[in-house]
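Some notes on the structure that comes next.
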Amino acid sequence: MSERTPDSPADTEVRPLSRVTLSGPDLSTVNLEFEDGARERRGDTQQVIVPPFPDEPQADTGATPTSPLPDEPFDPARYEAALPIPDPLAAEAFMPVLTPAHFGELLGDLSGELQLVRDEAARAALTSRSRLLRLNVEQYRVNFELARTTLNRVLAETGVGVRTSWARQQEHLNFMNAASSGVERAYEQATEAIEQARAARFEALAQAGVRPDTVTAEDFYTQQALAQLAAEGHAVRPPEQKSGSKRVFNAFAVFSKFFVGLISGVSINLLFNPESRLYLTLIALTAGVMFSVLLLWLVDELSYRAKLAASTPGMSRPANYVLGIVAVTLLYLGVEGFLNWDGILRTTQEIAANAAQQGQLTDLSAAPDGPATPEHWSLLVFTLALVGMAAGAALIQGRERARGVLERERLTARVSALKAGGTWHEVARATDLVTYLEAARDRLAPPRDVTSPDHARLNERVLSHWESERDGQVQAVTGALVREARALHETLEEFAVQVQAARFPQRRAGWRGLLG
C-alpha cells in the first residue's frame, strides 16, 4: 500500500477502480482501492473522479444477472382496492420536545464554564444555581419518562379499538370486492351463454321455416299450427280489432239497437201518453230501448249458440236455436208494426182534429169518405225495415263471435297436438332458452350485506370514539410536558446569559472604572 499526495503525477493515470470508501470522524477521508491492490487515502473533500470500468466479458456461471423473473400466476387480489393500513404508533411521535439528555448536556457545558469565572461570589452563586437546575433537569427526565410510559399505555389501549375498527372495515371491503368481482364474472359468462343460445335459436328457426324473430316457444307452435291449418284449408282470419270494416259493422250493430229502441219508445209514448206527460215520456222511451236491446241481444245469443251447437257436446240441436231466432224476430216485427200502426192512426186523427179547431178545414162533411186507415205506409215499412236490419246485424254479430271462438278452439287443439307429438321439442327448447338465460342474468346481483349501512355507521362511530379518546389523552399529557420543557429551556437560556455575563463582565468607562 502506498500513500500519494493529490499532486502526485500518478493520479492522472486511468486505472480500474475497485471500491471507494469514506472514513474519519466527519467522513472527510476518501479511500480508493484499485484492481492492482493499491490503495490511496485523501484527506481533502475534493471531488473524486471514478474512471469507467472496462468492458470485460462476464464469466459463464450458468445464470445471467438480467434474466427475467419467472412468470407468476395472476392474482386478482393484488389489484383489489384496499384501505390504507396505518403504521404502529409510538410515544416519541407525539412528544415534540427535546430529550433530557440534551438539557443535561447543555447544563454540563454551562457548569464547566463556571471554573472560568474569576469572581468568587458570582461563581458560588452560579454553582448553586447550576445544582438547582440539575435537579430541574432530573425532574424533567422523570416527567419525560412518565409521559412516555403514559403515552405508550394510552396508545396501547386506544390502538386496540382503532385496529379492530380498521380490520372490520377491511373485511367489509374485501367482502364487497369479492362479491362484485364474482357477479361480474358470472354476468360475463351469462352473456356468452345468451349469445350462443341466440345463434342456436336462429339456426333452429331457420331450419323449421318460421320467422327468425320468434322469441317464445308458444309463438313458434302457433306459427306451425297456423301453417298446417292454412295448408288444410282452415285459415284463421285476423281478429276484428284489426279490420276497419269490422269495427264499423260492430258500431252500427250497437247503434241500431238503441236507435230502434228510441223508435219503439216514441211509438209507446204516442200510444199511452196522449197528453205528453214528461215522466210518461221518459218511461216510454226507456221501455222501448230496453225492449229493443233485450230482443236483439236474444237474437245475437241464439245465433251464437246455433253456430256452436254442432261442435259442442251438451248443447241442443242447431234447428232449435234457429226456430228461436225466427220467433224472436217475428215477435219484434209484430210489436213494432202494431205500435207504429196505432201510433200513425192516433197522430193522423189528432192532426185532423187540430186543423178543424183552427178553422183550416172549411167543410168536414164535404170531405170524401175515405178509408179509416192512414195512407202513410212508407213510415211503417221504413220502421219495419230498420227493425229487420237490426235483427240481421245481431244475427251476423252472433255468428261472427261464434266463428272466432271456433277458430281459436281449432288453433288451440292443433297447438296441443304439436306439443304432444314432440316433433318440434328441440326447436321450442332452443327458442325459450334465450328468454330463460336473459331472466337468469337479470337476477344476478351482488349478495347484499343487509347490515352494511349500520355496519359502516357503527364502525365510524367506534373509530371516531377511539381516535378522539386517544387525541384527548395525548394532548393532555404532551401539553404538560411541552410547557415544562419550554420553562426549563427558558431557565437554561437565562442561566447561560448569567454565566456569560459573569465570565465577561462589562468594564465601566471613566472614573467609575478606575474606582471600581
Side-chain angles (χ1 to χ4, degrees), residues 20-31 41-45 85-163 466-508 516:
V20 179
T21 58
L22 303 178
S23 62
D26 55 353
L27 301 179
S28 60
T29 303
V30 182
N31 299 323
R41 177 179 296 176
R42 298 187 178 184
D44 53 1
T45 58
I85 300 177
D87 297 331
L89 302 178
E92 288 75 7
F94 299 92
M95 300 174 66
V97 292
L98 295 176
T99 60
H102 292 84
F103 293 109
E105 183 179 358
L106 176 59
L107 182 58
D109 294 342
L110 295 177
S111 299
E113 294 181 3
L114 294 179
Q115 299 177 0
L116 304 178
V117 178
R118 298 177 181 179
D119 191 358
E120 295 291 340
R123 185 169 61 250
L126 292 175
T127 301
S128 300
R129 184 170 177 80
S130 67
R131 293 174 179 174
L132 293 176
L133 290 177
R134 190 169 299 278
L135 292 178
N136 292 342
V137 171
E138 185 66 19
Q139 183 62 41
Y140 174 73
R141 186 189 65 79
V142 172
N143 294 339
F144 184 87
E145 295 297 332
L146 180 60
R148 176 158 50 186
T149 304
T150 304
L151 287 179
N152 286 330
R153 179 181 58 80
V154 170
L155 295 177
E157 292 177 353
T158 58
V160 174
V162 173
R163 285 192 299 271
W466 286 113
E467 287 182 347
S468 60
E469 185 71 17
R470 179 187 62 193
D471 294 341
Q473 296 187 22
V474 166
Q475 289 178 4
V477 174
T478 56
L481 188 62
V482 167
R483 288 192 298 270
E484 184 178 358
R486 189 175 300 166
L488 181 58
H489 185 71
E490 293 175 356
T491 304
L492 291 177
E493 285 183 354
E494 183 182 356
F495 181 65
V497 171
Q498 294 176 0
V499 171
Q500 293 297 323
R503 284 186 57 190
F504 305 102
Q506 296 181 359
R507 296 182 179 180
R508 299 178 182 179

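Taking CD of Q115 as the reference point, atom CZ of R503 lies at 11.0 Å (rounded to 0.5 Å). For the atom pair OG1 of T478 and CD of Q473, the computed distance is 11.5 Å after rounding to the nearest 0.5 Å. Interatomic distance, L146 CG to L151 CG, rounded to the nearest 0.5 Å: 9.5 Å. A distance of 9.0 Å separates CZ of R118 from CZ of F504, quoted to the nearest 0.5 Å. Rounded to the nearest 0.5 Å, atoms CG (L107) and CZ (R131) are 12.0 Å apart. Separating the CG atom in L133 from the CZ atom in R129 is a distance of 5.0 Å, to the nearest 0.5 Å.
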**Report entry** From CA spacing to verdict: side chain to side chain contact (heavy atoms under 4.5 Å, CB included), R148, E92
**Finding:** CA-CA 7 Å; R148 176 158 50 186; E92 288 75 7; 3.1 Å; yes

Requested in this report: Would you please test R141 and E145 for salt bridge (charged side-chain N to carboxylate O under 4.0 Å, His left out) and show each step?
Outcome: CA-CA 6 Å; R141 186 189 65 79; E145 295 297 332; 5.4 Å; no

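Remark: the backbone N or O of T127 is paired with a side-chain donor or acceptor of S130 at under 3.5 angstrom.
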Show the atom names and distances, to 0.1 Å, of all donor-acceptor pairs under 3.5 Å that link a side chain in residues 489-496 to residues at least two apart or in another chain.
{"unit_1": "H489", "atom_1": "NE2", "unit_2": "E493", "atom_2": "OE2", "d": "2.8"}
{"unit_1": "T491", "atom_1": "OG1", "unit_2": "A487", "atom_2": "O", "d": "2.8"}

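Of all heavy-atom pairs spanning L155 and A91, the tightest one is CD1-N, 3.8 Å. Here the closest non-hydrogen pair linking L126 and A502 is CD1-CB, 3.5 Å. Closest heavy-atom contact between A147 and V477: CB-CG1, 3.7 Å. V162 and E467 make their closest contact through CG2-CG, 4.3 Å (heavy atoms, listed as atom of the first residue, atom of the second, distance). Taking every heavy atom of both residues into account, P96 and V482 meet most closely at CG-CG2, 4.1 Å.
Applying the ring-ring contact (aromatic ring centres under 6.0 Å, His included) test to every pair with at least one member in residues 93-125, sequence neighbours left out, gives these pairs: F103-Y140. Pairs passing the salt bridge (charged side-chain N to carboxylate O under 4.0 Å, His left out) check and including a residue from residues 468-489, sequence neighbours excluded, do not occur.
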